[in-house]
Participant: 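Take this structure, written in structure tokens, and hold onto it; I'll ask about it next.
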Amino acid sequence: MSDSHGAPAAIPPIALDAVDWIIVGSGVYLAPLNEVQEGAGTAFLRFDEGAVSHAHRHPAGEEMYVISGRLKVGETTISAGDYLRTPAGVVHEVRALTDAVALIIVPEPLEFL
């Protein structure tokens with residue numbers, strides 16, 4: 001499908017309250033939005049308060065924007081409205097200090113340690 005100028009048409013918007021959540025850990029849920037390869041792309045990530053995404057490495061880094069709540073990523077605490085870029089190769093875990101939702105961009109699949 002393309003627009004009247006021959007450019008590809010935009011995909012329809014995806015509402016946060018309409019996504020299908022996949023359980024990826026105890027109290028951790030993922031809603032893929034744009035998968036560029038298995039385990040990589042753009043997604044919503046949701047945490048129940050107290051949930052932990054255990055130590056992992058992002059070979060190509062990670063970008064995260066917190067939509068709601070508070071998270072501790074490694075030693076850094078981020079809250080709704082904050083953006084965090086984790087460089088390639090950094091190892092961290094993510095702990096939910098409250099119920100939280102974030103948008104993540106992961107160019108390559110992460111490696112759990």
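Keep in mind that this is a model prediction, so the values were computed, not measured.
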Participant: Residues two or more places apart in sequence or in another chain: which of them pass side-chain hydrogen bond (donor to acceptor under 3.5 Å, both in side chains) with D48?
Facilitator: Y29
Participant: Return the minimal non-hydrogen interatomic distance between V101 and R46, and the atom names on each side.
Facilitator: CG2-CG, 3.8 Å
Participant: How long is the straight-line distance from NE2 of H58 back to CD1 of I104, given to the nearest 0.5 Å?
Facilitator: 7.0 Å
Participant: Which distance, rounded to the nearest 0.5 Å, do you find between the CG of D82 and the CE of M64?
Facilitator: 11.0 Å
Participant: Report the residues that fulfil side-chain hydrogen bond (donor to acceptor under 3.5 Å, both in side chains) with E49, sequence neighbours left out, ordered by chain and then residue number.
Facilitator: none
Participant: Where is the tightest heavy-atom contact between P109 and P59, given as atom of each residue plus distance?
Facilitator: O-CD, 3.2 Å
Participant: Quick check for you: to the nearest 0.5 Å, what is the distance between L71 atom CG and T98 atom OG1?
Facilitator: 7.0 Å
Participant: So, using side chain to side chain contact (heavy atoms under 4.5 Å, CB included) as the criterion, who are the partners of A60 when residues are at least two apart?
Facilitator: P107, E108
Participant: Have a look at V73 and tell me which of V66, L84, V90 forms a side-chain contact (heavy atoms from CB on, under 4.5 Å) with it.
Facilitator: L84
Participant: Return the minimal non-hydrogen interatomic distance between S26 and A51, and the atom names on each side.
Facilitator: O-CB, 3.5 Å
Participant: Would you give the length of the straight line joining atom OG of S53 to atom CG of L30, rounded to the nearest 0.5 angstrom?
Facilitator: 10.0 Å
Participant: With sequence neighbours excluded, what pairs up with F112 under the ring-ring contact (aromatic ring centres under 6.0 Å, His included) test?
Facilitator: H56
Participant: What residues, two or more places apart in sequence or in another chain, satisfy side-chain hydrogen bond (donor to acceptor under 3.5 Å, both in side chains) together with R70?
Facilitator: none
Participant: Can you confirm whether more than 12 heavy atoms, excluding those of I23, are under 6.0 Å from its CD1 atom?
Facilitator: no
Participant: According to side chain to side chain contact (heavy atoms under 4.5 Å, CB included), who are the partners of I14, at least two apart in sequence or on a separate chain?
Facilitator: V19, L33
Participant: Please determine whether the number of non-hydrogen atoms from other residues, nucleotides or ligands lying under 6.0 Å from atom CD of Q37 exceeds 12.
Facilitator: yes
